[in-house]
Amino acid sequence: MDKDIVVVNKPASIPVHPCGRYRHNTVVFILAKEHNLKNLRTIHRLDRLTSGLLLFGRTAEKARELELQIRTRQVQKEYVCRVEGRFPDGIVECNEKIDVVSYKIGVCKVSPKGKDCKTTFKRIGEVGSDSIVLCKPLTGRMHQIRVHLQYLGYPISNDPLYNHEVFGPLKGRGGDIGGISEEQLISNLISIHNAETWLGLEEDQIVSGEIKDAAASTSVVENPINRETEKPVISQNLEPSNEIATQTCYEEPDRSFDSKKATSDPQCSECKLNYRDPGTKDLIMYLHAWKYKGIGWEYETELPDWACNSNIDYDQV
């Protein structure tokens, strides 16, 4: 962090900014609430389940400068992921176009009517029957790495979306979605998403039909949290030293919590639902933004645990 920029090693499971059912438990809100870093400008985004490098501008000028570098493809981006199977030797390049199937539920697929895309892949390690793969996206399409890996037949091992049989028996390999239409694919995705959310339903809710009403009002449940046990997310290792505070005009944050702001509506069907806490497998995906390098700057994180436990050949990186 300096006077112009904040760089975060984002944990998996936390969205970058408010969206869907997330508001306070987002990177932007946590930085503002717990670290008094307000009015940050988003330069780029990562998926909620993706971990790694995330850049914010503290000034509009710096944000525009870096955003322009990314938009004009002057930033070299490197990701690491863990995929199913033994990835082929050498550099594998995928140039398949990607189209957004549905903006509402955030799903893409390879399609000739999509936008130009290019990603290069290289296996750099192995974990059991899985491979650790270095990914270099040369374009910045939505879910680009995940969709290209699905197309190649080596989906991210725990990708809850693109490593799913909802895309057909081949899970979308080679663009094969089982012969169904895009409309049917969207319908199936919504049904599966609603069925696999963290609803800890009471039996009387099911009998009374309240869950049906709630599902109809939300259509897609975006990974809700346990409303009874919700607590502020506390970051343990981002406290600035006094020296950093002086250098960056940092002010002590307000960590007070006002319980009066937690309200419910007796007429709201969603407020009557109980949610179970997500398991570990629900909170992480094996995709990590590792290195970003632009004009006159570069940042790199440590590798996540799921990659460190592999025999990575750093000479291949």
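Numbers here simply count residues along the sequence, with the first being 1.
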So Leu287 and Ile145, side-chain contact (heavy atoms from CB on, under 4.5 Å) or not? Walk me through it. CA-CA 9 Å; Leu287 178 61; Ile145 292 173; 4.1 Å; yes
Using atom types as modelled and distance alone, determine if a side-chain donor or acceptor of [X] lies under 3.5 Å from a backbone N or O of [Y].
X: Gln74; Y: Gly294; answer: no
X: Thr50; Y: Leu46; answer: no
X: His35; Y: Ile30; answer: no
X: Ser111; Y: Lys113; answer: yes
X: Thr26; Y: Pro15; answer: no
X: Gln69; Y: Leu66; answer: no
X: Ser264; Y: Cys271; answer: no
X: Arg82; Y: Ser157; answer: no

Is any side-chain heavy atom of [X] closer than 4.5 Å to a side-chain heavy atom of [Y]?
X: Asn25; Y: Ile14; result: no
X: Arg141; Y: Cys108; result: no
X: Ile70; Y: Ile43; result: yes
X: Lys171; Y: Glu165; result: yes
X: Val147; Y: Val110; result: yes
X: Trp290; Y: Leu303; result: yes
X: Pro160; Y: Leu49; result: yes
X: Arg173; Y: Leu152; result: no

With Tyr292 as reference, evaluate Tyr79, Tyr299, Trp297 under the side chain to side chain donor-acceptor pair (under 3.5 Å) test and give the passing residue. Tyr79
Do the two ring centres, one from Trp306 and one from Tyr286, sit under 6.0 Å apart? yes
Is the ring centre of His17 less than 6.0 Å from the ring centre of Tyr22?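 No, ring centres 6.0 Å or more apart.
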Can you tell me if Arg41 has over 12 outside heavy atoms packed within less than 6.0 Å of its CZ? yes
Is it true that, when you exclude Asn39 itself, more than 12 heavy atoms of the residues, nucleotides or ligands shown sit nearer than 6.0 Å to its CG?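 No, because the 6.0 Å sphere around CG of Asn39 holds 12 heavy atoms or fewer from other groups.
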Please answer: with hydrophobic residues joined when any side-chain heavy atoms are less than 4.5 Å apart, are [X] and [Y] in the same cluster?
X: Leu54; Y: Ile284; result: yes
X: Ile105; Y: Ile180; result: yes
X: Val166; Y: Ile190; result: yes
X: Phe56; Y: Leu68; result: no
X: Val7; Y: Val16; result: yes

With side-chain hydrogen bond (donor to acceptor under 3.5 Å, both in side chains) as the test, would you mind laying out the steps for Thr301 and His288 before giving the verdict? CA-CA 9 Å; Thr301 73; His288 180 83; 2.6 Å; yes
If you look only at pairs with a residue in residues 122-158, which of them pass as a ring-ring contact (aromatic ring centres under 6.0 Å, His included), with sequence neighbours excluded?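 Found Phe87-Tyr154, His143-Tyr162.
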Can you list every pair that meets ring-ring contact (aromatic ring centres under 6.0 Å, His included) and has a residue in residues 90-118, with sequence neighbours left out?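 Non-adjacent pairs meeting ring-ring contact (aromatic ring centres under 6.0 Å, His included): zero.
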Testing the basics here: between Gly52 and Asn9, what is the closest heavy-atom pair and its distance to 0.1 Å? CA-OD1, 3.5 Å
Looking only at heavy atoms, which two atoms of Gly106 and Met142 are closest? And how far apart? CA-CE, 3.3 Å
Check this for me, if you would: do [X] and [Y] make a salt bridge, where the nitrogen-to-carboxylate-oxygen distance has to be below 4.0 angstrom?
X: Glu182; Y: Lys109; value: yes
X: Glu67; Y: Arg64; value: no
X: Asp47; Y: Arg146; value: yes

Give the C-alpha distance, both sets of side-chain angles, the deciding distance and a yes or no for side-chain contact (heavy atoms from CB on, under 4.5 Å) between Val8 and Leu31. CA-CA 10 Å; Val8 176; Leu31 290 176; 4.0 Å; yes
Between NZ on residue Lys115 and CG on residue Asp99, distance to nearest 0.5 Å: 9.0 Å
Spacing of Gln76 atom CD and Lys293 atom NZ [to the nearest 0.5 Å]: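 Those atoms lie 5.5 Å apart.
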Identify which one of Asp4, Leu40, Ile5 satisfies the side chain to side chain contact (heavy atoms under 4.5 Å, CB included) criterion when paired with Arg58.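 Of all the options given, the one that passes is Leu40.
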Could you check Val133, Leu134, Asp159 and say which one makes a side chain to side chain contact (heavy atoms under 4.5 Å, CB included) with Cys81?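 Only match with Cys81 under side chain to side chain contact (heavy atoms under 4.5 Å, CB included): Val133.
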Go through the steps to decide whether Ile186 and Val101 satisfy the test side-chain contact (heavy atoms from CB on, under 4.5 Å), and finish with yes or no. CA-CA 8 Å; Ile186 294 172; Val101 177; 3.5 Å; yes
Are a donor atom and an acceptor atom from the side chains of Asn163 and Gln150 found within less than 3.5 Å of each other?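 Distance-only check fails for Asn163 and Gln150.
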Start with the C-alpha distance between Glu93 and Thr119, add both sets of side-chain angles, then the distance that settles side-chain hydrogen bond (donor to acceptor under 3.5 Å, both in side chains), and finish with yes or no. CA-CA 6 Å; Glu93 185 175 296; Thr119 317; over 6 Å; no
Please step through side-chain contact (heavy atoms from CB on, under 4.5 Å) for the pair Lys10 and Ser51, ending with a clear verdict. CA-CA 5 Å; Lys10 184 184 91 67; Ser51 58; 5.7 Å; no
